Colleague: 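Input: one structure, supplied below.
Owing to the predicted nature of the structure, the values given are computational and were not obtained by experimental measurement. Values below: every heavy atom of this structure, side chains too, minus hydrogens, waters and symmetry copies. When a residue number appears, it is its place in the shown sequence, counting from 1.
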Amino acid sequence: MSKFDEIIGYEVIKKELRQVADILRNGEMYRHLGVKAPQGLLIHGEPGVGKTLMAAAVIESCGRPAFTCRKDQPNGDFVREIKATFDQAAQNAPSIVLLDDMDKFANGDERHPDREEYVTVQSCIDNVRDKGVFVLATANNIRCLPTSLRRAGRFDRIIEVNAPEGEDAVNIVAHYLKDKPVDGLEAATVARILDGNSCAELETIINEAGLYAGYERAEAITMEHFLTAYMSVMHNESDGVGRDDTADLCQLVDPHNPMTQVAYHEAGHALVAEALIPGCVSLVTVHGKQGNPRGFVQYCRDTSRPRLEWDQQRVMAALAGKAAVEHKFGVLDGGCRRDLASAFSGVRDMVVDLCCNGFHLYSAGMEDSEALHARQEQVIASEVEQYYRRAKAMIAANAAFLDKLAAELLFKRLLTDVDIRRIKETCPLEPAAR
């Protein structure tokens with residue numbers, strides 16, 4: 001089993017990495033065509049997505065000796081370590097220099113990239129050019145690196161690795177669940193809930209679920225174990241997670257219950273989002289203690305849909321929490337500040353940047369007049385008002401679904417897309433009018 005086999009998913013990236021390894025392993029074949037090997041490869045992306053494993057796979061596949069450089073010394077000593085690593089690689093060419101977590105080489109930021117360590121790396125790369133030394137680097141944030149270091153001729157190939165999504169995420173979750181006894185824990189459902197999280201986070205949460213199951217002396221890992229682990233790891237929250245088996249479902253839907261308004265607020269978000277884009281909600285929760293209830297809705301973006309459609313859905317869904325509380329109880333919702341900020345920000349992008357309401361509102365980024373700002377703000381407020389009215393009408397048309405969703409949310413505290421689909425079967429959701 002090769003290192004490439006240890007990388008689950010990422011087929012497009014693995015194909016490019018295998019090509020690089022083949023170039024390094026069979027250089028004569030390429031030189032016969034009058035081309036030369038790239039000088040370097042930079043793999044970048046958020047932490048925990050497997051960049052170092054990908055680099056190791058290239059090294060193993062090409063068969064060259066590798067000399068690794070990581071920041072583990074004070075600045076002056078580390079500069080000397082960089083030079084020594086390149087010298088050693090040149091003496092053992094053909095070889096590879098692995099610069100692991102290169103954006104951590106200096107304590108700089110995006111505004112101060114020209115640090116001594118990066119200047120040293122640049123000069124060392126130039127010194128080993130045409131000496132059979134291939135430079136392989138990983139980084140979390142390449143914006144910390146000077147553009148002169150990232151340019152062609154130093155790093156001819158740059159590959160971005162994002163958090164797994166779609167089939168990649170499902171396959172990775174299935175891999176982590178493969179040798180564990182599970183009961184009702186499906187890889188597809190877990191992947192939807194963890195959409196946008198790194199491979200390391202997926203592995204950690206699934207392992208934590210197993211630890212919860214072990215502590216309970218359970219025979220298998222269940223969805224409840226997984227959700228408890230998810231809330232603990234990702235949201236630092238364990239209070240209120242899990243079913244309240246002692247509660248009467250009818251008594252839970254009580255306007256004097258501190259959780260009730262939060263449940264209707266979150267149910268409103270989920271209702272409108274599902275009505276606009278069916279299947280986009282992966283998780284709905286209310287949690288915390290009675291005196292400080294909280295909640296959120298997690299969405300799984302359908303990348304096949306146009307971005308503008310998704311942006312409009314997010315604006316309406318953001319306003320739906322306020323609309324649901326005011327529709328159900330006839331009172332103003334005091335917990336919608338962040339939702340309103342999100343809605344206004346989304347509409348501002350559409351009005352000012354995308355010119356959805358005409359070019360006369362476009363902001364050129366120069367000295368805009370107060371009159372233009374006033375026109376923009378007036379149109380933005382009017383658009384938000386229209387989105388709010390549509391959200392409220394959608395909630396009124398689906399009042400039974402709202403009540404059912406809020407009641408089950410109060411009872412179970414956490415609902416997945418599986419629960420939402422089940423509720424839809426008994427209480428159909430009226431789709432949004434286009």
Side-chain angles (χ1 to χ4, degrees), residues 1 6 8-9 47-48 50 53 163-164 168-252 257-259 262-263 266 270 281-298 300 405-423:
M1 182 176 180
E6 296 178 25
I8 311 301
L53 176 60
D168 280 349
V170 174
N171 292 334
I172 291 170
V173 169
H175 172 74
Y176 291 141
L177 292 174
K178 182 175 59 177
D179 298 322
K180 298 176 176 64
V182 297
D183 181 9
L185 194 60
E186 297 181 357
T189 300
V190 171
R192 281 177 58 80
I193 294 171
L194 297 178
D195 181 62
N197 290 296
S198 69
C199 306
E201 287 168 332
L202 267 62
E203 184 177 18
T204 296
I205 293 169
I206 291 170
N207 189 71
E208 282 293 309
L211 296 178
Y212 280 113
Y215 183 71
E216 293 180 3
R217 303 297 189 265
E219 294 295 324
I221 306 170
T222 66
M223 177 58 75
E224 188 170 336
H225 295 133
F226 165 74
L227 292 174
T228 301
Y230 170 79
M231 293 296 292
S232 177
V233 173
M234 299 305 299
H235 300 281
N236 195 28
E237 177 64 64
S238 58
D239 291 336
V241 175
R243 184 191 304 273
D244 184 357
D245 292 318
T246 65
D248 182 328
L249 194 58
C250 295
Q251 291 177 350
L252 283 170
N257 184 332
M259 286 282 187
V262 175
E266 303 304 336
V281 175
S282 61
L283 185 70
V284 192
T285 176
V286 292
H287 53 275
K289 298 179 180 178
Q290 289 289 334
N292 184 31
R294 300 181 297 281
F296 65 85
V297 177
Q298 186 165 288
C300 184
L405 186 58
E408 290 221 16
L409 188 54
L410 283 164
F411 185 55
K412 295 184 69 173
R413 300 297 177 89
L414 280 155
L415 302 179
T416 68
D417 62 319
V418 175
D419 297 306
I420 294 172
R421 287 199 303 269
R422 175 178 49 78
I423 294 171

Colleague: Using every non-hydrogen atom in the two residues, find where Thr416 and Asp419 come nearest and quote the distance to one decimal.
Modeller: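 Minimum heavy-atom contact is N-OD2, 2.9 Å.
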Colleague: Minimum heavy-atom separation for Ala209 to Ile221, with atom names?
Modeller: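 In terms of heavy atoms, the two residues are closest at CB-CG2, 3.8 Å.
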Colleague: Just how far is it from atom OG1 of Thr285 to atom CG of Leu415, taken to the nearest 0.5 Å?
Modeller: 8.5 Å
Colleague: Are the side chains of Leu414 and Leu283 in touch, meaning some heavy atoms are under 4.5 Å apart?
Modeller: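 Result yes, sub-4.5 Å side-chain heavy-atom pair found.
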Colleague: Quick one: do Arg294 and Glu266 make a salt bridge, cutoff under 4.0 Å?
Modeller: no
Colleague: Examine the side chains of His225 and Glu216 and answer whether a donor and an acceptor come within less than 3.5 Å of each other.
Modeller: yes
Colleague: Take Arg413 and Glu224 through the salt bridge (charged side-chain N to carboxylate O under 4.0 Å, His left out) test and state the conclusion after the steps.
Modeller: CA-CA 11 Å; Arg413 300 297 177 89; Glu224 188 170 336; over 6 Å; no
Colleague: Got a sec, which residues hit side chain to side chain donor-acceptor pair (under 3.5 Å) with Asp417, two or more places apart in sequence or on another chain?
Modeller: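 Result, side chain to side chain donor-acceptor pair (under 3.5 Å) vs Asp417: Arg192, Arg421.
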Colleague: Can you label the angle between the His287 ring and the Phe296 ring as parallel, tilted or perpendicular, going by 30° and 60°?
Modeller: perpendicular
Colleague: Could you measure the distance from the CD1 atom of Ile423 to the CG atom of Leu409? Nearest 0.5 Å is fine.
Modeller: 8.5 Å
Colleague: Under 3.5 Å, side chain of Ser232 to main-chain N/O of Thr228, donor-acceptor pair present?
Modeller: no
Colleague: Say you draw a straight line from CE of Met223 to CG of Leu185; how long is it, rounded to the nearest 0.5 Å?
Modeller: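 CG of Leu185 is found 5.0 Å from CE of Met223.
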Colleague: Ignoring hydrogens, what is the shortest heavy-atom contact between Pro47 and Ser198? Give both atom names and the distance.
Modeller: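 Looking at all heavy atoms of both residues, the closest pair is O-CB, 3.4 Å.
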Colleague: Give me the atom names and distance for the closest heavy-atom approach of Pro164 to Ile172.
Modeller: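 Scanning both residues, the minimum pair turns out to be CB-CD1, 3.6 Å.
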Colleague: Got a second to check how far Asn171's CG is from Ile8's CD1, nearest 0.5 Å?
Modeller: 7.5 Å
Colleague: Show the nearest heavy-atom pair for residues Ile205 and Ala229, with the distance to one decimal.
Modeller: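 Taking every non-hydrogen atom into account, O-CB, 3.6 Å.
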Colleague: Set out, in order, the CA-CA distance, both residues' side-chain angles and the distance that settles side chain to side chain contact (heavy atoms under 4.5 Å, CB included) for Leu227 and Ile193, then state yes or no.
Modeller: CA-CA 9 Å; Leu227 292 174; Ile193 294 171; 4.0 Å; yes
Colleague: Just verifying a value: how many Å separate Asp183 CG and Thr222 OG1, rounded to the nearest 0.5 Å?
Modeller: 7.0 Å
Colleague: What is the distance from atom CG of Asn207 to atom NZ of Lys180, rounded to the nearest 0.5 Å?
Modeller: 6.0 Å
Colleague: Report the C-alpha separation of Val173 and Ile206 in whole Å, then their side-chain angles, then the decisive distance to 0.1 Å, and conclude whether the side chain to side chain contact (heavy atoms under 4.5 Å, CB included) test is met.
Modeller: CA-CA 8 Å; Val173 169; Ile206 291 170; 4.0 Å; yes
Colleague: Considering all heavy atoms of both residues, which atom of Val297 and which atom of Ala270 are nearest to each other, and what is their separation?
Modeller: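 Distance-wise, the nearest heavy atoms are CG2-N, 4.2 Å.
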Colleague: Do Gln298 and Tyr230 meet the criterion of a side-chain donor-acceptor pair at a distance under 3.5 Å?
Modeller: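 Yes, a side-chain donor-acceptor pair sits under 3.5 Å.
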Colleague: Assess the residue pair Val284 and Ile420 against the criterion (side chain to side chain contact (heavy atoms under 4.5 Å, CB included)); give the C-alpha distance rounded to whole Å, side-chain angles, the decisive distance to 0.1 Å, and a yes or no.
Modeller: CA-CA 9 Å; Val284 192; Ile420 294 172; 4.0 Å; yes
Colleague: Test side chain to side chain contact (heavy atoms under 4.5 Å, CB included) on Glu201 and Val233 and set out the steps.
Modeller: CA-CA 9 Å; Glu201 287 168 332; Val233 173; over 6 Å; no
